[in-house]
Structures are given as C-alpha cells and as structure tokens.
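To keep things clear, I will list the structure first and then write my remarks on it.
Just so we're clear, the structure is a prediction, and the values are computed from it rather than from any experiment. Start at 1 and go down the list; that is how both ligands and their atoms are numbered.
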Amino acid sequence: SLPELSALMETYGETPAITLKESHSYAADELASAITDGELVIYYQPKVAVTTGEVVGLEALVRWQHPVDGLVFPDQFIDLAEEHSMIDALTQVVLHTALQQIKQWQLAGLKLSIAINVSMDNLAALNFVDQVAQAALDIGIAPQDIVLEVTESRLMHDQRVALEVLTRLRLKRFRLSIDDFGTGHSSLTQLHDISFDELKIDKSFVHGAWHDETVRAIYDASLGVGKRLGMVVVAEGVEDQDDWDLLCHTNCDVAQGYFIARPMPAAAVNDWMTSWDERVRNGLLNGQVKT
Ligand code: C2E
Ligand code: MG
Ligand code: MG
Ligand code: MG
C-alpha cells in the first residue's frame with residue numbers, strides 16, 4: 001500500500017518525489033484513542049558531531065501507526081492534539097517511550113542523549129516540570145542527557161508561565177534547545193529571556209546554503225549568534241555532501257539530516273551505528289573545502 005511504501009522509503013532512504021499520502025483530517029477522538037492504545041511510535045534521528053562524527057544523541061520524532069492509513073507524520077496530528085488538549089498526553093507517551101528506549105541503549109554502553117520535542121502548550125502549566133523530572137527519575141536518565149527542543153516560532157506568544165517552566169527545567173539541569181531557529185520573528189528576544197544550551201538552525205537555512213547567498217547569509221548569522229552565546233549549534237536538514245562540507249568549513253558543532261540518517265525505528269539504530277562508523281572511517285569527514 002502507499003502508506004507502507006512511504007514508511008519503507010523513510011526507513012530505507014528513498015526521497016519520495018511527491019507526498020504519497022494525501023492530506024487527511026483526523027477526528028479528535030480517533031487521535032485520543034491512538035494515544036491511549038499505543039498507536040504512537042517513535043522514530044529516532046541521530047545528531048552527530050561534525051569534527052569527529054561521534055553520535056552525540058538521538059531526536060525522538062513521533063509517528064502515528066494508523067491501522068488503515070499506515071505511518072502518519074506529525075504535521076498531520078500535532079496541531080490537532082494541541083487544539084483538543086491532548087498534547088500533554090501525547091508528550092508524556094513520547095517522553096516515557098523515548099526515555100525507556102534510551103535507557104536500553106545506555107545500558108548497552110552507548111553514551112547518548114535523547115531529544116524530545118516540546119510544544120508551547122506543554123509549557124502552559126508549571127507541573128510539566130515535575131512530570132519531566134519524575135519520568136527522568138523513574139527511568140533513571142540524568143537530566144543532562146535529556147534535551148527539550150522548543151520550536152522558536154511558537155515561543156512568540158510571550159507567556160510568563162512558559163518562561164518560568166523553561167527556567168525551572170534548566171535549573172534542574174535539563175538541556176534546552178531552540179528548534180527551527182531563523183523561522184520565527186522573536187528569536188533574539190527569546191534568547192535574551194531564556195538561556196538555551198543548544199540552537200538548531202532550521203533546515204531551510206542549511207540545505208543548499210553553498211549555492212544560495214541569502215540562505216548562506218542567514219545560516220552564517222544564526223551560527224554566529226549561537227557561537228557567540230556559547231550554545232551548541234546544530235544544523236538540521238543536512239542532505240548532501242555540500243551541506244556537510246559547509247558545516248566543516250564553518251565550524252558548526254553538530255549535524256542532523258538525511259545525509260547522515262533518516263529518522264528510523266529503534267530496531268534499526270544498531271545497524272545504522274555500524275554503517276555510520278564505517279562511513280566515518282572511510283573518510284567522509286575529509287570533505288573538500290570549497291570557496
Ligand atoms: P523538527 O523537530 O524540526 O524535526 C525535524 C523534521 O525534519 C522531522 O520531520 C525530520 O524527519 C525532518 N528532517 C530530518 N532531516 C531532514 C533533512 O535532511 N531534510 C528534510 N527536508 N527534512 C529532514 P517530522 O518527523 O515529520 O517532524 C516534523 C515536526 O513535527 C518536528 O520538526 C517537530 O516540530 C514536530 N514533532 C515531531 N515529533 C514531535 C513530538 O513528539 N512532539 C511534538 N510536540 N512535536 C513533534
Ligand atoms: Mg526538533
Ligand atoms: Mg527543527
Ligand atoms: Mg520543525
């Protein structure tokens with residue numbers, strides 16, 4: 001079926017030329033039961049250090065394994081979850097599943113952090129801090145190994161509670177990441193109010209930056225802000241050798257994107273690690289410096 005094909009393509013690295021699944025609106029109660037009945041699955045996408053190729057962490061990306069439609073991507077249900085007050089339940093499922101998985105990998109000897117995407121709506125109540133802290137404690141993951149990625153554009157609604165929640169999380173040593181940097185309007189204000197540990201340059205300012213002066217200018221500016229403020233800078237959307245070489249050339253810290261790995265099910269991570277080690281040993285990191 002098309003949904004199965006789409007899922008296979010994501011796992012095995014084909015880029016669909018067009019979106020295979022037509023846009024589909026789901027009913028809120030269908031999503032609600034999906035959350036409670038275990039139909040959410042987590043895919044993991046690696047983050048690698050640019051200079052060494054070391055795998056520094058994995059980002060948890062939620063998918064809905066729909067009984068009829070197959071693998072449904074988050075852009076088709078995150079908004080729905082937010083609109084119908086289900087985003088807290090969804091985030092809790094993602095958090096617990098991903099922490100339990102990272103625990104298994106840590107027990108197997110891998111030194112990995114786990115990144116969780118957090119919605120602004122999750123930050124609307126102070127008890128989110130305790131929920132995250134309790135999950136970390138119960139499952140036995142150090143807060144330093146948990147990165148909470150907040151999408152910058154959604155930070156625009158200046159909510160005092162959200163700032164308070166983020167500040168408290170940071171005091172508890174969870175790591176905060178500003179996601180999709182460059183796509184919002186209040187990035188600099190937000191950087192002033194909260195001290196983020198990590199800045200993720202949005203993929204639209206990474207892929208193709210060698211070949212487009214405007215894209216390159218925004219990439220350079222974002223990297224500069226992140227570096228200047230002492231943040232770990234991650235480039236998302238690293239899709240080809242040119243993108244990777246740009247990161248090397250400009251001293252970006254961490255890379256993420258299809259060139260390194262597509263998001264994959266937990267069961268595929270071990271094999272990917274092995275093949276990645278091989279790519280690193282075979283000199284992937286010695287990209288040509290272009291001018
Ligand atoms: P994001 O956190 O910025 O995640 C990056 C998105 O870009 C992911 O899409 C990923 O599959 C995709 N991507 C990764 N590498 C490349 C690349 O090289 N090129 C291109 N073109 N795309 C790449 P995905 O998984 O569909 O997620 C979309 C967004 O949905 C995420 O953006 C995040 O904002 C949200 N999301 C995902 N999982 C969760 C979740 O558990 N909770 C919440 N609240 N939001 C989530
Ligand atoms: Mg993210
Ligand atoms: Mg992003
Ligand atoms: Mg995004």
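- By the 30° and 60° cut-offs, the orientation of the rings of His66 relative to Trp64 is tilted.
- Salt-bridge formation is detected for the pair Asp253/Lys227: a Lys NZ or Arg NE/NH1/NH2 atom is positioned less than 4.0 Å from an Asp or Glu carboxylate oxygen.
- Ion pairing between a basic and an acidic side chain is recognised when a charged N comes within 4.0 Å of a carboxylate O; Arg216 and Asp212 show no such pairing.
- A donor-acceptor pair is defined here as one N or O able to donate and one able to accept, closer than 3.5 Å; no such pair exists between the side chain of Asp202 and the backbone of Glu236.
- Every heavy atom of Asp75 sits 4.0 Å or more from the atoms of ligand 1.
- At a threshold of 2.8 Å, the Mg ion (ligand 3) has no backbone or side-chain N, O or S atom of Asp202 nearer than that distance.
- Shortest distance from the Mg ion (ligand 3) to Asp180 is reached at OD1 (N/O/S atoms only).
- Within the listing of ligand 1, atoms 14 (C), 15 (N) sit less than 4.0 angstrom from a heavy atom of Gln45.
- Aromatic ring centroids of His207 and Tyr258 lie 6.0 Å or more apart.
- Near Val94, meaning under 4.0 Å from any of its heavy atoms, are these atoms of ligand 1: 41 (O).
- Between Gln256 and ligand 1, a contact under 3.5 Å exists for no N or O pair.
- When heavy-atom distances to ligand 1 are checked against a 4.0 Å cut-off, Ile78 comes that close only through its side chain, counted from C-beta outward.
- Among the heteroatoms counted here (N, O or S) of Asp179, OD2 is the one nearest to the Mg ion (ligand 2).
- In Arg262, neither the side chain nor the backbone holds a heavy atom less than 4.0 Å from any atom of ligand 1.
- The backbone N or O of Met231 sits nowhere less than 3.5 Å from a side-chain atom of Asp197 that would complete a donor-acceptor pair.
- Note: the hydrophobic cluster containing Met264 does not contain Val56 (ILVMFWY, side chain heavy atoms under 4.5 Å, direct or indirect links).
- Residue contacts with ligand 1, taken as heavy atom pairs separated by less than 4.0 Å, do not involve Lys200 at all.
- In this structure the side chain of Leu247 reaches within 4.5 angstrom of the side chain of Tyr219, judged on heavy atoms.
- Ligand 1 has a nitrogen or oxygen under 3.5 angstrom from a nitrogen or oxygen of Tyr258.
- When Leu61, Val150, Asn117 are checked for heavy-atom proximity to atom 10 (C) of ligand 1, Leu61 turns out nearest.
- By the rule that hydrophobic residues join a cluster once side-chain heavy atoms approach within less than 4.5 Å of another member, Ile87 and Tyr26 end up as members of one cluster.
- Residues Ile114 and Tyr44 form a side-chain contact, since some pair of their non-hydrogen atoms from C-beta on lies under 4.5 Å apart.
- Among the heteroatoms counted here (N, O or S) of Glu59, OE2 is the one nearest to the Mg ion (ligand 2).
- The distance from ligand 1 to the heavy atoms of Val62 drops below 4.0 Å at these ligand atoms: 38 (N), 39 (C), 40 (C), 41 (O).
- Close approach to Arg63 involves these atoms of ligand 1, each under 4.0 Å from a residue heavy atom: 11 (O), 24 (P), 25 (O).
- No single ILVMFWY cluster, assembled from side-chain heavy atoms under 4.5 Å apart, contains both Ile201 and Val215.
- Not one N/O/S atom of Glu236, from backbone or side chain, sits under 2.8 Å from the Mg ion (ligand 2).
- Within the 3.5 Å criterion, the main-chain N or O of Ser195 finds a donor-acceptor partner in the side chain of Arg170.
- Heavy-atom proximity to Asp180, at under 4.0 Å, picks out these atoms of ligand 1: 3 (O).
- Contacts of Lys203 with ligand 1, taken as heavy-atom pairs under 4.0 Å, involve the side chain alone.
- Counting heavy atoms from C-beta on, the side chains of Ile218 and Ser222 come closer than 4.5 Å.
- Geometry note: the Mg ion (ligand 2) is the vertex, Asn117 OD1 and Glu149 OE1 are the arms, and the angle is 100° (rounded to 10 degrees).
- Any N or O atom pair closer than 3.5 Å counts here, and Asp179 shares at least one such pair with ligand 1.
- A heavy-atom separation below 4.0 Å is found between Glu59 and ligand 1.
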